[in-house]
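In listed order, ligands and their atoms are each counted from 1.
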Amino acid sequence: MAEQIKKIGVLTSGGDAPGMNAAVRAVVRACIFYDIDVFGIYKGYDGLIRDTVEQLYVRSVSNILSRGGTVLLSARSDEFRTPEGRKKAFNTFRKHGLDALVVIGGDGSFTGASIFSEEFDVPVIGIPGTIDNDLAGTDFTIGFDTACNTAREAIDKIRDTASSHDRLFFVEVMGRDAGFIALNAAIGGGAVAMIVPEHNWSLEGLIKRLRKGAANQKASNVVIVAEGCHLGNAYAIAEQVKDKLDYFDIRVSVLGHLQRGGSPTTLDRVLASRMGVAAVEGLINGESKVMVGVMNNQVIYTPIHEAIKTVKKLDDEEFRIAKILSI
Ligand code: F6P
C-alpha cells in the first residue's frame, strides 16, 4: 500500500456526461472512507490553472447522484495544452499539497492527464466519462447508457409521427467519430438502417435497403445517422436520398445536446460508483497513468496511453443483429 496518498484532487473535463456526478460523489466518499482529504477542481484543467479548488466533504456531494451534468463544471482547456498552462496547473497542485489527481472525462482529457503526469511525476487515474463510449479498456463509459436511452426514447416518439404520415426520418445522433450510440439506438429503436463512421456503407446500399423496406410495406422508416459519418450529416444524406427516391416524404431530426443531459440511468450510476471507488483504491495501491474500466463485470486498470490509442471496435454481433432485424 502506498501510504503517501493523503490528498487527492478530482476534476471533470471535456464534454459532460450523465453519471459524472455519481463518479464525483464516489471519489469524494471513497477518499473520506480511507481518511484522504479530497479537493474538487472546478472547470476541468482550467480550474487547476486558475486555482478554483476547494476541499470537499461527505455532505458536499449530497443529492448529486441523480443529477445530470457535473457539479464540478467542465471545460475543454486550450491553455492546458501548452507547457506554460500545465506549469501553472502544477503550481496550483503543489500549493494545495495534492498527491494525486483523478480525471473524469474522455480521450482528450486523458491525453492531458497523461502528459501532466509524465511532466511532473504526478500520480493520475482516469475515469471514462463520455457519452461516446469510444474508449478501449472498458465495456462502457459513464453516460453512454443514459445517452442511448435518451436517443431511443426520442426515436420512439419520432416513429409515432413517422408512421402516422408514412414518412422517412433521418435521425442524427451524437458520438463524434464513433458509432456506438447509433448502433445501440438503431437496435433499440428498430431502425430500418444506420450509417456509422466505422462502416463504409454506400448511398446506393442505403437506397437499396429503403426500396426493399418499401416493397415489404414497412410501416415506418427511421434511419439513424451517426454524426461524423462518411456520407455527411443527416441533412446532406436526406438531400441525396430525396433525389433518388421520390416516393418518400422525408424529414430530418438532429437530436444534439439533449443526449448529453438528464438523470443518469441506474446502470450509469452503478458504473460511475464502482469506477469512483476503484480510482481511489487504485491510487492507494500505487496505480498511476491508468484508466479505470469495467470489462466482463470486473474492474480493471488499463494504461492511459493504451486506452486512448486503441481503437474500440463496434460489436460485429450487434451489427449483424441490427441488419437481420431491419428487413
Ligand atoms: O464527446 C461528447 C460529445 O457530445 C460528442 O458526441 C460530440 O461530437 C461533442 O461532444 C460535441 O461537443 P460540444 O459540446 O463541444 O459541441
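Residue Arg260 touches ligand 1 through its side chain alone, judged by heavy-atom distances below 4.0 Å.
For CD1 of Ile327, the number of neighbouring non-hydrogen atoms (other residues, nucleotides, ligands) closer than 6.0 Å is 12 at most.
Distances shorter than 4.0 angstrom occur between a heavy atom of His257 and an atom of ligand 1. Using 4.0 Å as the threshold, Gly175 has a heavy atom nearer than that to some atom of ligand 1.
Here the protein heavy atom with the shortest distance to atom 6 (O) of ligand 1 is Asp132 OD1, 2.7 Å. For atom 15 (O) of ligand 1, the nearest non-hydrogen atom of the protein is Arg76 NH1, 2.6 Å. Counting protein heavy atoms only, atom 8 (O) of ligand 1 is closest to Glu227 OE2, 2.5 Å. When only non-hydrogen protein atoms are considered, atom 9 (C) of ligand 1 lies nearest to Arg176 NH2, 3.6 Å.
Looking at Lys88 and Phe80, their side chains never come closer than 4.5 Å, going by heavy atoms from C-beta outward.
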For residues 185-206, tabulate all N or O donor-acceptor pairs below 3.5 Å that involve a side-chain atom, not counting sequence neighbours.
| unit_1 | atom_1 | unit_2 | atom_2 | d |
| --- | --- | --- | --- | --- |
| Glu198 | OE1 | Gly179 | N | 3.1 |
| Glu198 | OE2 | Gly179 | N | 2.8 |
| Ser202 | OG | Gly205 | N | 3.0 |

Would you mind writing out the side-chain donor-acceptor pairs for residues 130-142 within the sub-3.5 Å range, not counting sequence neighbours?
| unit_1 | atom_1 | unit_2 | atom_2 | d |
| --- | --- | --- | --- | --- |
| Thr130 | OG1 | Asp132 | N | 3.0 |
| Asn133 | OD1 | Thr141 | N | 2.9 |
| Asn133 | OD1 | Lys312 | NZ | 3.0 |
| Thr138 | OG1 | Phe140 | O | 2.9 |
| Thr138 | OG1 | Val294 | N | 3.0 |
| Thr138 | OG1 | Val294 | O | 3.4 |
| Asp139 | OD2 | Asn296 | N | 2.8 |
| Thr141 | OG1 | Thr130 | O | 2.6 |
| Thr141 | OG1 | Asn133 | N | 3.2 |

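Every atom of ligand 1 with a heavy atom of Met174 under 4.0 Å away is listed here by number and element: 4 (O), 6 (O).
We find that Arg320 and Asp316 are not joined by a salt bridge, their nearest charged nitrogen and carboxylate oxygen being 4.0 Å or further apart. Of the charged side-chain nitrogens involved, none lies within less than 4.0 Å of a carboxylate oxygen, so that Arg86 and Glu118 do not count as a salt-bridged pair.
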